[in-house]
Amino acid sequence: MTFHRFVALGDSFTEGVGDDDPTRPNGLRGWADRVAEVLATHTDDFGYANLAVRGRKMDGVINEQVPAAIELNPDLISVYAGGNDILRPSVDIDAISARYDVALGKLAATGARLVVFTAYDPGGSAIFRPLRGRFAIYNEMVRWSAQRHDATIVDYWRLRDLRDERHWDSDRLHMGPRGHQRVAIAMLDALKVPHTLTVDLPATVTRTRREVWNENATRARQSAAPWVRRRPARASSGDTVAARWPTLSRLD
């Protein structure tokens, strides 16, 4: 299938955090760019916009990105939202899922092919494992909305090979380049778009228990601590960040 105007909505997952590329806006590449690069090879008149901004919660995606996406008249839309809401100390999953469902209805009404993502399974994470039930409930709501609006699902929860830490950035919160490549493959496969993308994993490195502990402690200081410090001020990592590709562009 050929697409001509692809618009991606969401948070850091879709912005591409963890997949560094200093030649691109915000210094990132990400799975959505990788998908766009493949889609551009199938047609001469291709445009791609990425409206995602790190730290955005559900209402930010709905209020800021959904109207902007509709204005771009896309024929392919991807949406991932809700993960940042679920990580908060308190969240009404039914309420955010209801707002999500309304937003999907507006996007589906454009006639574009709609792709939605479930949330990742945190069962393998010592830090986020306690929230696994929240993510599972939210994913069921996503699947329900996707069925209602005839959306294609990329089931992030079921990509079990992503439990391999070689797919992840050093912060273990965002995917690294290999993880973004893996998600790009999953989306292209879901759309049945031919491609030649693969994931090459380096050899595994055996570490002692102390080395693993030290790595976890370093990640907590560098990643978790700043996140905790922003909470009392209601600040977000995306407060000073703009959308990477706010208008339709071609990536070759």
Problem set entry | Distance-minimising heavy-atom pair for Ala242 and Asn26 | O-ND2, 3.1 Å
Exercise. Under 4.5 Å between any side-chain heavy atoms of Gln65 and Val7, yes or no?
Worked result: no
Exercise. Under 4.5 Å between side-chain heavy atoms, hopping through other hydrophobics if needed: is there a path connecting Met141 to Ile86?
Worked result: no
Exercise. Does Arg250 pair with Glu37 as a salt bridge, N-O distance under 4.0 Å?
Worked result: no
Exercise. Do you know which two heavy atoms are closest between Trp157 and Thr118, and how far apart they sit?
Worked result: N-OG1, 3.1 Å
Exercise. Going only through I, L, V, M, F, W and Y residues with side-chain contacts under 4.5 Å, is there a path from Val102 to Ile96?
Worked result: no
For this session: Test Gln147 against Ile153 for side-chain contact (heavy atoms from CB on, under 4.5 Å), laying out the working first.
Result: CA-CA 9 Å; Gln147 185 175 22; Ile153 298 178; over 6 Å; no
Exercise. Okay, side chain of His180, backbone of Val17: is any donor-acceptor separation there less than 3.5 Å?
Worked result: yes
Seminar exercise, completed: Heavy-atom closest pair (Tyr48 atom, Ala8 atom, distance to 0.1 Å) is CE1-CB, 4.5 Å
For this session: Check whether any side-chain heavy atom of Arg29 lies under 4.5 Å from a side-chain heavy atom of Pro22, and answer yes or no.
Result: no
For this session: Measure the spacing between CD1 of Ile185 and CG of Asp161 and express it to the nearest 0.5 Å.
Result: 9.0 Å
Exercise. Is Phe46 close to Ser249 at the side-chain level, that is, under 4.5 Å between some pair of heavy atoms?
Worked result: no
Exercise. So Asp155 and Arg143, salt bridge (charged side-chain N to carboxylate O under 4.0 Å, His left out) or not? Walk me through it.
Worked result: CA-CA 9 Å; Asp155 208 333; Arg143 296 184 184 106; 3.1 Å; yes
Exercise. If only atom types and distance count, is the side chain of Ser125 paired as donor or acceptor with the main-chain N or O of Phe128 below 3.5 Å?
Worked result: yes
Problem set entry | Short N-O contact, Arg178 and Asp200, less than 4.0 angstrom | no
Exercise. Do Arg88 side-chain atoms and Asn84 backbone N/O form a donor-acceptor pair below 3.5 Å?
Worked result: yes
Seminar exercise, completed: Paired with Asp164, the side chain to side chain donor-acceptor pair (under 3.5 Å) test is passed by just one of His167, Arg160, Arg166, namely Arg166
Seminar exercise, completed: Heavy atoms of Val154 and Ala190 approach each other most closely as CG2-CB, 4.1 Å
For this session: Decide yes or no on side-chain contact (heavy atoms from CB on, under 4.5 Å) for Leu188 and Leu197, but give the supporting numbers first.
Result: CA-CA 9 Å; Leu188 291 166; Leu197 301 187; 3.7 Å; yes
Seminar exercise, completed: CG (Leu87) and CG (Asp85) are apart, to the nearest 0.5 Å, by 9.0 Å
For this session: Could you tell me whether the side chain of Arg182 and the main chain of Val199 form a donor-acceptor pair under 3.5 Å?
Result: no
Problem set entry | Lys106 side chain reached by Pro67 side chain, heavy atoms, under 4.5 Å | no
Problem set entry | Minimum side-chain heavy-atom gap Tyr100-Ser145 below 4.5 Å | yes
For this session: Kindly indicate, with the supporting measurements, whether the criterion side-chain contact (heavy atoms from CB on, under 4.5 Å) is fulfilled by Val61 and Met58.
Result: CA-CA 5 Å; Val61 173; Met58 180 68 77; 5.5 Å; no
Seminar exercise, completed: dist Thr2:OG1 -> Leu39:CG (nearest 0.5 Å) comes out at 9.0 Å
Seminar exercise, completed: What one should report as the nearest heavy-atom pair of Trp168 and Leu162 is NE1-O, 2.5 Å
For this session: Look up atom CG in Asp121 and atom CG in Asn139, then write down how far apart they are to the nearest 0.5 Å.
Result: 8.5 Å
Exercise. His174 and Asp19: side-chain donor and acceptor closer than 3.5 Å?
Worked result: no
Exercise. Are any of the side-chain heavy atoms of Asn50 and Leu9 separated by less than 4.5 Å?
Worked result: no
Exercise. Should Asp189 and His195 be marked as a side chain to side chain donor-acceptor pair (under 3.5 Å) after you check the CA-CA gap, both sets of side-chain angles, and the distance that decides it?
Worked result: CA-CA 8 Å; Asp189 288 347; His195 65 87; 2.8 Å; yes
Exercise. Under 3.5 Å, is there a donor-acceptor pair between the side chain of Thr110 and the main chain of Leu107?
Worked result: yes
Exercise. Is the side chain of Glu15 donor-acceptor paired with the backbone N or O of Ala243 at a distance under 3.5 Å, no angle test?
Worked result: no
Exercise. Would you say the side-chain atoms of Thr152 and Arg113 include a donor-acceptor pair closer than 3.5 Å?
Worked result: yes
For this session: Might you point out which heavy atoms bring Ile62 and Ala103 nearest each other, and give the distance in Å?
Result: CG1-CB, 3.9 Å
Exercise. Looking at OG of Ser97 and CD of Glu140, how far apart are the two atoms once the value is rounded to the nearest 0.5 Å?
Worked result: 10.5 Å
For this session: Apply side-chain contact (heavy atoms from CB on, under 4.5 Å) to Thr23 and list each qualifying residue two or more places apart in sequence or on a separate chain.
Result: Asp21
Exercise. Phe117 vs Tyr80 aromatic rings, parallel, tilted or perpendicular, using cut-offs 30° and 60°?
Worked result: perpendicular
Exercise. Is Arg148 close enough and on-axis enough to Trp144, meaning under 6.0 Å and within 45°, for cation-pi?
Worked result: yes
Problem set entry | Validation row: Ser78, Trp31 side chains within 4.5 angstrom (heavy atoms) | yes
Exercise. With Arg99, which of Asp94, Asp92, Asp59 fulfils salt bridge (Lys or Arg N to Asp or Glu O under 4.0 Å)?
Worked result: Asp59
Problem set entry | Side-chain heavy atoms of Ile77 within contact of Val115, under 4.5 Å | no
Exercise. Linking I/L/V/M/F/W/Y whenever their side-chain heavy atoms sit closer than 4.5 Å, directly or via other members, would Val241 and Leu28 fall into one cluster?
Worked result: no
For this session: Just do the side-chain contact (heavy atoms from CB on, under 4.5 Å) check on Leu76 and His4 with the steps written out, would you?
Result: CA-CA 8 Å; Leu76 174 64; His4 302 272; over 6 Å; no
Exercise. In terms of the angle between their ring planes, are Tyr120 and Tyr156 parallel, tilted or perpendicular, with boundaries placed at 30° and 60°?
Worked result: tilted
For this session: Indicate yes or no for a side-chain donor-acceptor contact from Arg244 to the backbone of Pro25 under 3.5 Å, with no hydrogens or angles considered.
Result: yes
